[in-house]
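Reminder, nothing fancy here: chain letters follow the sequence lines and each chain counts from 1.
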2 protein chains.
Amino acid sequence: MSYFVENVRRRAQTAASEPRVLERLRAIVGAEHVLVDAEKVEPYAQDAVKEKFPPEAVLLPRTAEEIAAILRLANEERFPVTARGGGVGYTGGAVPVEGGVVIGTDRMNAIKEISPDDLYVVSEPGVTTYELHRAVEAHKLFYPPDPASYKESYIGGNIAENAGGMRSAKYGVTKHYVLGLEVVTPTGEIIRTGGKTSKNVVGFDLTGLMCGSEGMLGIITEATLRLVPLPEATETVRALFHSMKEACACVARFSRARVTPVAIEVLDKNSIKAVESEFAFGLPEEAEALLLVSVDGALEEVVRAANAVEEILLEGGGFSVLRAATREDEDRLWDVRRALSPSMKKYGTLKLNEDVVVPRSRVPELVEQVEEIGRRHRTFVANFGHAGDGNIHVNFMCDREDPESIARARLAVRDTFRVAVELGGTISGEHGIGYVKAPYLDMALDASTIDAMMRIKRALDPNGILNPGKMFV
Amino acid sequence: MSYFVENVRRRAQTAASEPRVLERLRAIVGAEHVLVDAEKVEPYAQDAVKEKFPPEAVLLPRTAEEIAAILRLANEERFPVTARGGGVGYTGGAVPVEGGVVIGTDRMNAIKEISPDDLYVVSEPGVTTYELHRAVEAHKLFYPPDPASYKESYIGGNIAENAGGMRSAKYGVTKHYVLGLEVVTPTGEIIRTGGKTSKNVVGFDLTGLMCGSEGMLGIITEATLRLVPLPEATETVRALFHSMKEACACVARFSRARVTPVAIEVLDKNSIKAVESEFAFGLPEEAEALLLVSVDGALEEVVRAANAVEEILLEGGGFSVLRAATREDEDRLWDVRRALSPSMKKYGTLKLNEDVVVPRSRVPELVEQVEEIGRRHRTFVANFGHAGDGNIHVNFMCDREDPESIARARLAVRDTFRVAVELGGTISGEHGIGYVKAPYLDMALDASTIDAMMRIKRALDPNGILNPGKMFV
């Protein structure tokens, strides 16, 4: 699969385009929920990678039974089926690279139950992460996973990709909150995995297997998610540093002081320069790193934790330390982080946004080596991300119209993956593999591990119907 | 598979008993690490279920490579292989019900690395949970999972069974702490799943799949486990109640007060009577339920949380409230919980210890119905367990020498499973399925879900070598 070689692919032709198949699909989901016109299917052709692969048809079912019927037909007629949530992924997981139909879960958007007593929510897959946050917060409950795209991403996609986010330093990732699932298997069976309790050891953990399976092992039609009580208060502390090493050294000190921040975000010097030149936050020239640290909990705890954080940042060489305890003031500190994406645009029209992860103490080495890689391949690179869990977003900027700049950036990406693996990490912390990282899978996993994964894929999807062209190439 | 019909099974005869196979096994692990004498293999014939299935040989390898060689030979010669950790499970997961060889992981007992900066430990499978706790606590780190058998259970077995424990109300279960694994597959390949970081979305989550796979999908040869900072302090509050309903109603109130106790343990009236008549703790006749609630965290937090807990217990109808903040005083309160198992003995020589789980608000209904089931089948039953996560240990007592009492207790078990499922729960919270609960699997899972599990089993273990006779019957 080539990457950004052409912006719009030719629309594939499979059995899904045949009138008699379309007729049967219309009978399953209703004619008004089958889109085939080029302009109607176009919004379903791409994700955040912005490479278009138009589907032959888009189906908008309402129930698991309809999805099961679609998959049974797909196995009979042999056409690809790709499930799609919010369509904001970074590795093409929701994109029909081999054509066939896209199943949009947009109409499956009900929150079915919220249980404050038993701390769970039952949701359909088409609910946005943001809506889910709002709905449970109304009951003073908290669903911690918060991928950056939470306003648009769907819960179904979050689970299929095992989405991460800022709060994972304390709260973990999506899979830590999935108690149970209803899933349609690639052959069109409806299965129920897990349940409503956090303890459940009945049979193999298919819930765990489905989390992060990138829509290749099943289509999630309902999820029961674990909730925790909504923390009473939060505080955020910001500090600048003269080196990345100093900044990252604070992370282990928090743990030693038994403080577990919700989020520890780091920006390297290129990130700081980019936001400063675009938005003039007043960040000084000599800042080589910036840390944003948030703590949450009961009011008294938060004050105590923020005091400890502030002290550690100052002792660790932090300067221009700011602290915010109200939502508005915290938002102002976080504006720097939010300004990153728009600030990058002037360095290139195409951003290769990778999300490598290393044991968190290795982040300074990673960033140092990535800077060297950027110089070697003459590509602007900015690093920022989740210092608390070692998940760093490495952003190589290039020019969408200049294939040679893209080729250089792709070499830089490959070198970055190699470094991440060498430092004891891996090639994706939260974006997944999809088709974008598929060529690099064997840098992170050995052949026998990949073989075990492929055996599972073939066992559940013998005809290769669900989301072909992803992960394994 | 019948249950307790005979106490010692005839030793099975497979290819593993043939001299030429034993010769090759000796060449793989060294002659001194192959046990075949009846009295030497006997300790490996049973787990906590106490039904003996003597293996044809016990192998004590030192490395993953040796285990891989054993499995390749097993596939060539077609004999069963069952992995064994501490051998203290409650569902026969480590017991070779179809004969063949047992692989004891006793010699694979090194803790390879503890990283205070990156919050992980790398351990071989034969380390006891207790040793692991001690080793990481020396670095002021904490590995929360604490199955009741933690002094004898091995980490490898904990992962294979996805062990629970008391602290799961706050900290979750074993699978929430497994970052990466080295596993030998049933066909003798060595694979590496996950890694050292809590974010990792490279390929399917085989780490998640292996947790709780009951030794049927692979043999764990190394584990990287996530750690958290060791909490500074703990406190425990105990209260008695006039009804189970009152006691359990406190659980949701803790959440509403944003307090998340580490452990919330409950004892029903039969449990209280049993420990009282055996050990005379001074628990009054009118006590129908007992709650033990522990909180942990920074010193100030713990005091605040324990205050809130005490207040909620009192407001919720609790009486004889006791509170302990030192290790010795806490231990004294927990003695009641520890006294349960020995206290049960006078009600029968055989205990059917089931571990159903329901959404925690349904615990009072569960206990009420289980009492009715006990009456119906004329079997003494005591209920206790983890009220914080709805995982209740239902103990039916019968007489090992009286088949009719066992038959009645087994009917009671079946009825209990039915009730747990009806209440939105399932048939095992932390013990697993093994061979003991295999006949009941279809009460909890529908046929299509079981079929998906069996497909995965066949894909990874086409010859059915690893731990046959478990889970699916």
Side-chain angles (χ1 to χ4, degrees), chain A residues 117-119 162 164 168 172-173 176 185 189-192 195-206 208-209 211-213 229 232 252 255 258 260 298 300-301 304 357 359-361 389-391 424-430 432-433 441 444-446 448-449 452-453 455-456 459-460 471, chain B residues 117-119 162 164 168 172-173 176 185 189-192 195-206 208-209 211-213 229 232 252 255 258 260 298 300-301 304 357 359-361 389-391 424-430 432-433 441 444-446 448-449 452-453 455-456 459-460 471:
Chain A
D117 283 352
D118 293 323
L119 298 176
N162 186 20
S168 76
V173 295
H176 297 120
T185 67
E189 255 73 57
I190 298 173
I191 66 172
R192 293 201 149 263
K196 291 178 174 174
T197 60
S198 66
K199 283 183 175 168
N200 181 326
V201 286
V202 178
F204 301 142
D205 188 3
L206 298 185
L209 181 64
C211 291
S213 65
E232 190 180 14
S255 301
R258 306 177 202 257
T260 302
E300 307 89 324
E301 278 169 57
R304 190 190 62 83
V357 60
R360 58 191 205 169
S361 69
D389 53 39
N391 181 208
T426 192
I427 67 173
S428 183
E430 48 188 18
I433 301 300
L441 191 70
L445 301 177
D446 49 34
S448 56
T449 308
M453 292 176 182
R455 284 189 196 204
I456 291 169
L460 296 181
M471 199 179 289
Chain B
D117 283 352
D118 292 323
L119 298 176
N162 187 19
S168 76
V173 295
H176 297 120
T185 67
E189 254 73 57
I190 298 173
I191 66 173
R192 292 201 150 264
K196 291 178 173 173
T197 60
S198 66
K199 283 182 176 169
N200 180 328
V201 287
V202 178
F204 300 143
D205 188 3
L206 298 185
L209 181 65
C211 290
S213 65
E232 191 180 14
S255 301
R258 307 178 201 255
T260 303
E300 308 89 322
E301 278 168 56
R304 190 190 62 85
V357 60
R360 57 191 206 170
S361 67
D389 52 40
N391 180 208
T426 192
I427 67 173
S428 184
E430 49 188 18
I433 300 301
L441 191 69
L445 301 178
D446 50 34
S448 56
T449 308
M453 293 175 182
R455 285 188 195 205
I456 291 169
L460 296 181
M471 199 179 290

Side chain to side chain contact (heavy atoms under 4.5 Å, CB included) assessment of A/S448 paired with B/T185: CA-CA 9 Å; A/S448 56; B/T185 67; over 6 Å; no
Region of B/L460 that comes under 4.5 Å of a non-hydrogen atom in chain A: both
A/I191 CD1 to B/M453 CE distance, which is reported to the nearest 0.5 Å: 7.5 Å
Proximity breakdown for B/T260 and chain A, heavy-atom pairs closer than 4.5 Å: side chain
Chain A contact via B/E430 - side chain, backbone, both or neither, heavy atoms under 4.5 Å: both
With A/D446 via salt bridge (Lys or Arg N to Asp or Glu O under 4.0 Å) - residues at least two apart: none
Worked check of side chain to side chain contact (heavy atoms under 4.5 Å, CB included) between B/L206 and A/I456: CA-CA 10 Å; B/L206 298 185; A/I456 291 169; 3.6 Å; yes
Heavy-atom pairs under 4.5 Å with chain B, option from A/N200, A/I427, A/L445, A/L209 with the top count: A/N200
Over all atoms of both residues, closest heavy-atom pair of A/V202 and B/A444: CG1-CB, 3.9 Å
Stepwise side chain to side chain contact (heavy atoms under 4.5 Å, CB included) check, A/E300 with B/E300: CA-CA 9 Å; A/E300 307 89 324; B/E300 308 89 322; over 6 Å; no
CA sep, side-chain torsions, deciding dist, call: A/R360, B/D117, side chain to side chain contact (heavy atoms under 4.5 Å, CB included): CA-CA 8 Å; A/R360 58 191 205 169; B/D117 283 352; 5.9 Å; no
Closest non-hydrogen atom pair, A/L441 against B/G203: CD1-N, 4.3 Å
Interatomic distance, B/K199 atom NZ to A/N162 atom CG [nearest 0.5 angstrom]: 10.0 Å
Interchain contact, B/E189 with chain A, by part (heavy-atom threshold 4.5 Å): side chain
Side chain B/S361, main chain A/D118, donor-acceptor under 3.5 Å: no
B/A452 versus chain A, the contacting section by heavy-atom distance below 4.5 Å: both
Between A/G212, A/A252, A/G208, A/P359, the one whose heavy-atom pairs under 4.5 Å with chain B are most numerous: A/P359
Minimal non-hydrogen separation, B/K196 against A/G424, with atom names: CB-O, 4.2 Å
Residue selection (most heavy-atom pairs with chain A, distance under 4.5 Å) from B/P229, B/S428, B/G390, B/G432: B/S428
Minimum side-chain heavy-atom gap A/T197-B/D389 below 4.5 Å: no
From CD (B/E301) to CZ (A/R258), nearest 0.5 Å: 11.0 Å
Option that, when pairs with chain B are counted at under 4.5 Å, heavy atom only, ranks first among A/N391, A/V201, A/V173, A/L119: A/V201
Under 4.5 Å from a heavy atom of chain B, the part of A/I190 involved: backbone
Residue among B/S168, B/C211, B/G164, B/G425 with most heavy-atom pairs under 4.5 Å to chain A: B/S168
Heavy-atom pairs under 4.5 Å with chain A, option from B/H176, B/R455, B/R304 with the top count: B/R455
